[in-house]
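Here's the structure, in structure tokens; my notes come after.
It should be emphasised that the depicted structure is a prediction, and the values quoted were computed from it without experimental measurement.
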Amino acid sequence: MCGRTSCHLPIDVLARACAYRDRQGRERLPEWKDPDKYCPSYNTSPQSNSPVLLSRLHFEKGADPSERIIAPMRWGLVPSWFKEDDPSKLQFNTTNCRSDTIMEKRSFKSGSTDVVESPEHWKKVWDNWRLLTMAGIFDCWEPPEGGDLLYSYTIITVDSCKSLNDIHPRMPAILDGEEEVSKWLDFGEVSTEEALKLIHPTENITFHAVSSVVNDSGNNTPECVTPISLLVKKEPKASRSSQKMMQWLATKSPKKEDPKTPQKTESDVPQWSNQFLQKSPLPTKRGATGLLERWLKQEEPVAKRPHNQ
């Protein structure tokens with residue numbers, strides 16, 4: 001379904017974008033875990049780190065499950081039961097997971113839930129950015145021989161809504177609004193069965209086409225997310241000789257004739273010193289400019305009889 005995402009907000013702005021109210025109704029900002037692993041990007045590809053919002057209870061036993069933490073995680077879930085020493089040896093794609101098989105496939109059975117969210121009433125606080133709130137699951141993998149823990153996630157997908165169906169049959173499971181986000185995150189109070197009821201297509205989404213530069217994961221510029229209709233088309237640059245010729249044409253072209261002045265006859269056309277004109281299927285042009293343009297076409301010259309014959 002999806003092979004690219006984007007989150008280019010600075011750390012502090014992203015935290016404000018994820019502002020929420022805890023169970024006591026207090027306005028809170030989520031705390032960062034390993035913020036040095038977060039790299040803002042206009043073009044995030046699988047196996048790169050992305051910010052994930054989740055309950056503090058996942059990291060601290062006995063914590064208030066309504067409190068939230070932002071943790072950078074690898075996109076592409078590596079199950080905790082994976083026994084190889086290198087995550088890249090995982091033989092199947094876990095970038096996305098289907099909502100209809102999420103409870104059946106072994107790779108997702110022991111996962112938990114995560115999402116990036118944005119409450120509507122906090123728009124002014126976080127510079128009017130509106131995050132796309134996608135539901136997913138994550139896991140924590142420990143290398144068999146020991147080493148740093150690896151947190152990774154996958155995005156849940158559902159059947160596409162009507163407006164997106166012509167583009168792709170699947171779309172991310174979007175949590176529409178703070179209430180849905182809270183229910184998805186608060187696994188201490190909301191059962192898995194109830195949480196899964198939040199997973200369904202939504203029409204509350206807008207989209208636009210972007211440049212093909214996004215296909216290369218090495219490109220990380222605003223052009224990756226800019227509507228293609230707003231990008232300035234680059235015109236081919238004329239050569240130096242062509243520029244000089246165009247300047248000459250602009251300054252040496254004859255002035256427009258007075259309507260009252262009789263048109264010049266063929267014999268009045270200035271002649272080249274070698275008395276050669278270029279053969280062309282186009283109608284004869286009057287004036288030095290027309291002759292020069294025909295001569296520039298580099299067609300085979302043909303001799304012209306003198307005018308007095």
Side-chain angles (χ1 to χ4, degrees), residues 1-8 11 14 32-55 57-61 69-116 132-160 168-174 184-185 187 192 195-196 199 212-220 224:
M1 181 280 305
C2 176
R4 291 291 188 275
T5 61
S6 173
C7 186
H8 52 274
I11 285 180
L14 182 57
W32 274 90
K33 177 179 174 60
D34 299 326
D36 56 312
K37 294 182 179 179
Y38 169 62
C39 294
S41 174
Y42 291 97
N43 189 10
T44 303
S45 59
Q47 299 185 21
S48 301
N49 282 342
S50 298
V52 171
L53 188 68
L54 65 166
S55 170
L57 187 59
H58 287 295
F59 296 101
E60 299 178 17
K61 187 177 181 179
I69 285 179
I70 302 178
M73 294 188 184
R74 178 187 187 271
W75 183 14
L77 189 140
V78 180
S80 56
W81 47 260
F82 184 60
K83 300 303 181 184
E84 297 285 349
D85 59 353
D86 185 355
S88 64
K89 295 180 180 180
L90 195 64
Q91 296 299 311
F92 45 90
N93 187 351
T94 56
T95 302
N96 306 138
C97 65
R98 295 176 62 96
S99 60
D100 49 356
T101 59
I102 191 173
M103 299 303 291
E104 301 172 5
K105 290 190 176 181
R106 182 184 174 218
S107 55
F108 304 131
K109 278 189 175 180
S110 59
S112 301
T113 56
D114 72 278
V115 69
V116 180
L132 184 65
T133 58
M134 297 182 288
I137 60 176
F138 81 95
D139 206 345
C140 179
W141 176 75
E142 183 177 0
E145 303 300 325
D148 295 337
L149 300 178
L150 175 64
Y151 287 90
S152 59
Y153 75 97
T154 183
I155 298 172
I156 299 174
T157 68
V158 296
D159 292 333
S160 284
H168 199 282
R170 307 290 294 178
M171 68 179 291
I174 297 173
W184 185 255
L185 293 180
F187 68 98
T192 301
L196 289 176
I199 305 303
S212 59
V213 300
V214 75
N215 294 334
D216 185 347
S217 59
N219 294 329
N220 186 14
C224 293

Original post:
Can you find a heavy atom in the side chain of Arg170 that is under 4.5 Å from one in the side chain of Ser99?
Top reply: yes

Could you list the residues that satisfy side chain to side chain donor-acceptor pair (under 3.5 Å) with [X], not counting sequence neighbours?
{"X": "Arg4", "result": "Asn43"}
{"X": "Ser160", "result": "none"}
{"X": "Ser50", "result": "Tyr153"}

Which distance, rounded to the nearest 0.5 Å, do you find between the [atom1] of [X] and the [atom2] of [Y]?
{"X": "Asn49", "Y": "Lys37", "atom1": "CG", "atom2": "NZ", "value": "7.5 Å"}
{"X": "Ile174", "Y": "Thr157", "atom1": "CD1", "atom2": "OG1", "value": "11.5 Å"}
{"X": "Ser152", "Y": "Leu149", "atom1": "OG", "atom2": "CG", "value": "11.0 Å"}
{"X": "Ile69", "Y": "Leu185", "atom1": "CD1", "atom2": "CG", "value": "11.5 Å"}
{"X": "Ser45", "Y": "Asn220", "atom1": "OG", "atom2": "CG", "value": "10.0 Å"}
{"X": "Met73", "Y": "Asp139", "atom1": "CE", "atom2": "CG", "value": "9.5 Å"}

Original post:
Would a distance-only check, ignoring hydrogens and angles, find a side-chain to backbone donor-acceptor pair under 3.5 Å from Thr95 to Gly76?
Top reply: no

Subject >> Atom of Gly3, atom of Pro46 and distance for their closest heavy-atom approach >> reply: O-CD, 3.3 Å

Subject >> Positive for ring-ring contact (aromatic ring centres under 6.0 Å, His included) with Tyr151, one of Trp141, Trp75, Phe59 >> reply: Phe59

Original post:
salt bridge (charged side-chain N to carboxylate O under 4.0 Å, His left out): which pairs involve residues 141-155, sequence neighbours left out?
Top reply: none

Original post:
How are the rings of Trp32 and Tyr38 set relative to one another: parallel (under 30°), tilted (30 to 60°) or perpendicular (over 60°)?
Top reply: tilted

**OP:** Apply salt bridge (charged side-chain N to carboxylate O under 4.0 Å, His left out) to Asp216 and list each qualifying residue two or more places apart in sequence or on a separate chain.
**Re:** none

Identify all side-chain donor-acceptor contacts of residues 85-92 below 3.5 Å with residues at least two apart in sequence or on another chain.
unit_1	atom_1	unit_2	atom_2	d
Asp85	OD1	Lys89	NZ	3.1
Asp86	OD1	Ser88	N	3.1
Asp86	OD1	Ser88	OG	3.0
Asp86	OD2	Ser88	OG	2.8
Gln91	NE2	Lys89	O	2.8

